[in-house]
Number of protein chains: 2
Amino acid sequence: MTDLPTSDQEAELADALREAAAFRLTGRATINDIARIAKVSKKTVSRVINESPLVKPRTRHLVKAIIAELGFTPDPQARALALRRSFLVGLVYDNPSPQYVVNMQRGILDGLEDTDFQLVLRPVNRSDANYWDRLRTFIQQHKPFGLILPPSVSEDEELVAMLRENDVDYVRIASVELDTPARMIRTHDAEGAAQAARHLCALGHTDIAHIQGPETFRSAHERRSGFVRGLTESGRTLAPDLVAEAGYTFESGLLAMERLIYAKRRPTAVFAGNDEMATGAYLAVRKAGLRIPEDISIVGFDDTPIAGRLWPALTTVRLPIREMGRAAAQLLLAQAAGNEPAEITSFSPEIVVRESTAQVPRGN
Amino acid sequence: MTDLPTSDQEAELADALREAAAFRLTGRATINDIARIAKVSKKTVSRVINESPLVKPRTRHLVKAIIAELGFTPDPQARALALRRSFLVGLVYDNPSPQYVVNMQRGILDGLEDTDFQLVLRPVNRSDANYWDRLRTFIQQHKPFGLILPPSVSEDEELVAMLRENDVDYVRIASVELDTPARMIRTHDAEGAAQAARHLCALGHTDIAHIQGPETFRSAHERRSGFVRGLTESGRTLAPDLVAEAGYTFESGLLAMERLIYAKRRPTAVFAGNDEMATGAYLAVRKAGLRIPEDISIVGFDDTPIAGRLWPALTTVRLPIREMGRAAAQLLLAQAAGNEPAEITSFSPEIVVRESTAQVPRGN
DNA sequence: TGACCTTCTGATACCGGTGTCATTATCATT
DNA sequence: AATGATAATGACACCGGTATCAGAAGGTCA
């Protein structure tokens, strides 16, 4: 009965809206203003904002109408204070590839669009002894809602333990299964690397080298072991002297490639652990007066924007980094809403064949 | 007399520190805890935190000692609520060059390091009609401490007016003088472009083209007019049919270069308005089967990381983007502290000659 | 010594929300 | 119509800081 529209109720609503309209230009409305105009307590308004089921539909409609009329949005600072938790989402990274990070940022921003959450950047230096302390200080001060941890930060179990202690949500992005489906985005790097191996083998290469990422990155291991698996499937092996370790950076890729070029047996194809190192490899090949792909084929990993800008365009293993960022943000929001996905969100990389790979040169 | 150290005072301090130490592991301290232990009111503690001169030295030392002992830091959310102003610094950008933005981010993060301020990212789309509304909503909700406005957002006077109305500090980064020294970082793009012109003229080029940035960017104008000035000084002119407008993006640079290559009179040198477009130009030149720099010399602008990763390495006009970001952050902090610089902070670009430019080809 | 002026300090309200818990409507039952 | 159970609401304290303003402490001067 009570919830049927009655002229009585409509009059009440009209009255309130009139009052709201009059209030409108006074400045920004607060929960108190809404409560006063709706003639309810601020707690009831708070309930409406938070979608509590404990509000009579009639009341809810009235309050919502006034909120809409005044364009009211709750103050994030006040909420943060009361909830002991802010609306910041931190992206913590120690990633040597800037391209990777930008793309991830974009994805996270996509996922956070039209929410109250703000993305804040927390670059760290894992090799710095007090990186840990600084991050803990940040967390305890700013009480971020959650953190997004791309590789390799995602692999730091101590860090994660600290987050749990401090009751901060997080999402880990990694190439191995490290956590529950609610807290994890998985990439199948090994599979992508195996595809790269198959591609090079299909082109007839046998002297195949690998520029490996740093030992401290799980992804570097995954990519290498997947690559080895792919080679094995095709009856090839990865010769130990054709593996050069580098640091996922351009410069280290350049140096690693130089070592390979001047090795006893020069490879005809190289798989670099990421695009950044592949770009360095390009330069080393050019400096040596060799041609890509005629003399040496190169394959990268990630498919960051630079891959398509190089010449010849880089054949690489595409990881949908931006989409991963978006998924990570959404996963964080889902945690907030209490929704636990049943399965790990995972992304499978796929090789993108461009122009940096070709048949093995004759005479080899 | 009162301020001389007395055994009495030392005893008081020791007592308080003992109590503080005992408190230590109870959790995170608040201003109330400090006040209780120091036996002063919270307002006095607040005064000490805010460096108010109205506190007796003796009291100040006592309170500071306890703060240090407990590692207390004021809660940013509570402060934000009381001050009606948060500790967020927003980077608002609508910049087609991701490299530019990353570098700027880094600089800002450098400048904000070890402060309470957090960098939040606000990418916008200036051509989107409601970009303005979204930004206003952000500002009114999150009450950022200040915003950093790189080109081209910095040129939007309406936006700036809105910021003033809402009492938000800001720093504008632009190639023209748009504001007071306290709110402005200036780059002398025209001078950099003139250097590019002189460089190309010195190499003997006469058929010189320009890939211009979008009309909506002041920097595009500055760079073009500076370039024209440089050419004029050397007795050359910029032929209208050798100007191609593009959008500061890789793809648009590619298309613009293609137009130039297939123009009636093919240029022997091209000055691109930024590195992103220069990268596109590289690809167009390669696709046409031409060589850099033997057939065509290319100069970029910005010196983003990609410049050194291209082959041949790109000759470009270096803008210290990261340093500019740091300076912008520091300027914002200076505004907070009430320090007004007397002169505009400005940065002069400088040409970096690499391998993409050479003597004009024989026969031209 | 008392009047008066500074310099310090603290009680209290406030910023704009949320949590707790008691109280009031509302409804189904008997 | 009275009863009890459940749904809906509000009073009040609280989150951790800052602002206001009155009052206390200390110093100067006649």
Side-chain angles (χ1 to χ4, degrees), chain A residues 1-4 26-64 67 70-87 116 140-143 145 167 336, chain B residues 1-4 26-64 67 70-87 116 140-143 145 167 336:
Chain A
M1 276 298 268
T2 346
D3 295 348
L4 284 175
T26 316
R28 201 169 165 68
T30 73
I31 199 173
N32 292 299
D33 303 319
I34 308 290
R36 184 166 36 70
I37 294 172
K39 299 195 196 351
V40 297
S41 72
K42 57 195 284 204
K43 182 68 223 198
T44 295
V45 177
S46 171
R47 287 193 183 98
V48 172
I49 295 168
N50 294 292
E51 304 285 351
S52 158
L54 288 172
V55 182
K56 219 198 295 188
R58 179 179 171 162
T59 314
R60 184 182 10 255
H61 295 322
L62 174 63
V63 172
K64 280 198 169 170
I67 287 178
L70 260 54
F72 163 80
T73 46
D75 181 319
Q77 271 76 41
R79 270 178 111 164
L81 179 57
L83 292 170
R84 292 163 200 77
R85 180 170 218 193
S86 76
F87 289 83
D116 272 349
Q140 296 189 338
Q141 268 205 242
H142 292 272
K143 307 178 198 72
F145 181 84
D167 210 34
Chain B
M1 275 297 268
T2 346
D3 295 347
L4 283 176
T26 316
R28 200 170 166 68
T30 73
I31 199 173
N32 292 299
D33 302 320
I34 309 291
R36 182 167 36 71
I37 294 172
K39 300 195 193 2
V40 298
S41 72
K42 56 196 283 204
K43 180 70 222 197
T44 296
V45 178
S46 172
R47 288 194 183 95
V48 172
I49 295 169
N50 294 291
E51 304 285 351
S52 159
L54 289 172
V55 181
K56 215 197 297 188
R58 179 178 172 162
T59 314
R60 181 176 19 251
H61 294 322
L62 174 63
V63 171
K64 280 200 168 170
I67 286 178
L70 260 54
F72 164 80
T73 46
D75 181 318
Q77 270 75 43
R79 266 178 115 165
L81 179 57
L83 293 171
R84 293 162 200 76
R85 182 171 218 192
S86 76
F87 289 84
D116 272 350
Q140 296 189 335
Q141 268 204 243
H142 291 273
K143 308 179 198 71
F145 180 85
D167 210 34

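What you see is a predicted model, and the numbers here were worked out from it, not measured in a lab.
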Practice task
Calculate the interatomic distance between B/Arg36 atom CZ and D/dG16 atom P; express it in whole Å.
Solution key: 12 Å

Problem - Nearest-angstrom distance from the residue atom CZ of B/Phe87 to P of D/dG16 - result: 16 Å

Fill in the blank from the handout: note: A/Arg58, atom CZ; C/dA25, atom C1'; distance rounded to Å ~ 13 Å

Practice task
Using a cut-off of strictly less than 4.0 Å, decide whether A/Thr44 has a side-chain nitrogen or oxygen near OP1 or OP2 of D/dG10.
Solution key: yes

Practice task
Send over the distance from A/Lys56 NZ to C/dA25 P, rounded to a whole Å.
Solution key: 10 Å

Exercise for the section: Would you please say whether a donor-acceptor pair under 3.5 Å links the side chains of A/Ser86 and A/Arg79? Expected result: no

Completion exercise
Heavy-atom nearest pair, B/Ala38 first then B/Leu62, reads O-CD2, 3.8 Å

Exercise for the section: Have a look at B/Pro53 and say if it touches a base, only the backbone sugar-phosphate, or nothing, with a 4.0 Å heavy-atom cut-off. Expected result: sugar-phosphate

Problem - OP1 or OP2 of C/dT9 under 4.0 Å from side-chain N/O of B/Thr59 - result: yes

Exercise for the section: Would you mind reading off the distance between B/Ile34 atom CD1 and C/dT9 atom P, rounded to a whole angstrom? Expected result: 16 Å

Practice task
Would you kindly give the CG-to-P distance between B/Leu81 and C/dA13, to the nearest whole Å?
Solution key: 18 Å

Exercise for the section: Please list, chain by chain and in numerical order, all residues satisfying side chain to side chain donor-acceptor pair (under 3.5 Å) with B/Arg47, sequence neighbours excluded. Expected result: none

Problem - Partners passing side-chain contact (heavy atoms from CB on, under 4.5 Å) against A/Ala82 (at least two apart in sequence or in another chain) - result: none

Problem - salt bridge (Lys or Arg N to Asp or Glu O under 4.0 Å) involving A/Arg84 - partner list, sequence neighbours excluded - result: none

Problem - Sequence-distant partners of A/Lys143, salt bridge (Lys or Arg N to Asp or Glu O under 4.0 Å), two or more places apart - result: B/Asp75

Handout entry: Nearest-Å distance for atom pair CZ/P, residues A/Arg28 and C/dG16
Key = 10 Å

Completion exercise
note: B/Asp33, atom CG; D/dG16, atom C1'; distance rounded to Å ~ 10 Å

Quick one: which protein N/O atoms are closer than 3.5 Å to N/O atoms of nucleotides 17-19 of chain C? Pair and distance per line, please.
residue : atom : partner : partner atom : Å
C/dG17  : OP1  : A/Asp75 : N            : 3.2
C/dG17  : OP2  : A/Ile31 : N            : 2.7
C/dG17  : O5'  : A/Asp75 : N            : 3.4
C/dG17  : N7   : A/Lys42 : NZ           : 2.8
C/dG17  : O6   : A/Lys42 : NZ           : 3.1
C/dT18  : OP1  : A/Asn50 : ND2          : 3.0
C/dT18  : OP1  : A/Arg79 : NE           : 3.4
C/dT18  : OP2  : A/Ser46 : OG           : 2.4
C/dG19  : N7   : A/Lys43 : NZ           : 2.8

Practice task
Tell me, please, which residues at least two apart from A/Arg60 pass salt bridge (Lys or Arg N to Asp or Glu O under 4.0 Å).
Solution key: none

Completion exercise
B/Lys39 meets the side-chain contact (heavy atoms from CB on, under 4.5 Å) criterion, sequence neighbours left out, with B/Glu19

Handout entry: Set of ring pair (Phe, Tyr, Trp, His ring centres under 6.0 Å) partners for B/Phe87, sequence neighbours left out
Key = B/Phe117

Completion exercise
Those residues at least two apart in sequence (or on a different chain) that pass side-chain contact (heavy atoms from CB on, under 4.5 Å) with A/Ser46 are A/Ile31, A/Lys43, A/Asn50

Fill in the blank from the handout: Angle separating the five-pair end axes of the helix from C/dT1-D/dA30 to C/dT30-D/dA1, nearest 10°, is 50°

Problem - A/Thr44: partners by side chain to side chain donor-acceptor pair (under 3.5 Å), with sequence neighbours left out - result: A/Ser41

Could you list the protein-to-nucleotides 4-7 of chain D atom pairs, N/O on both sides, closer than 3.5 Å?
none

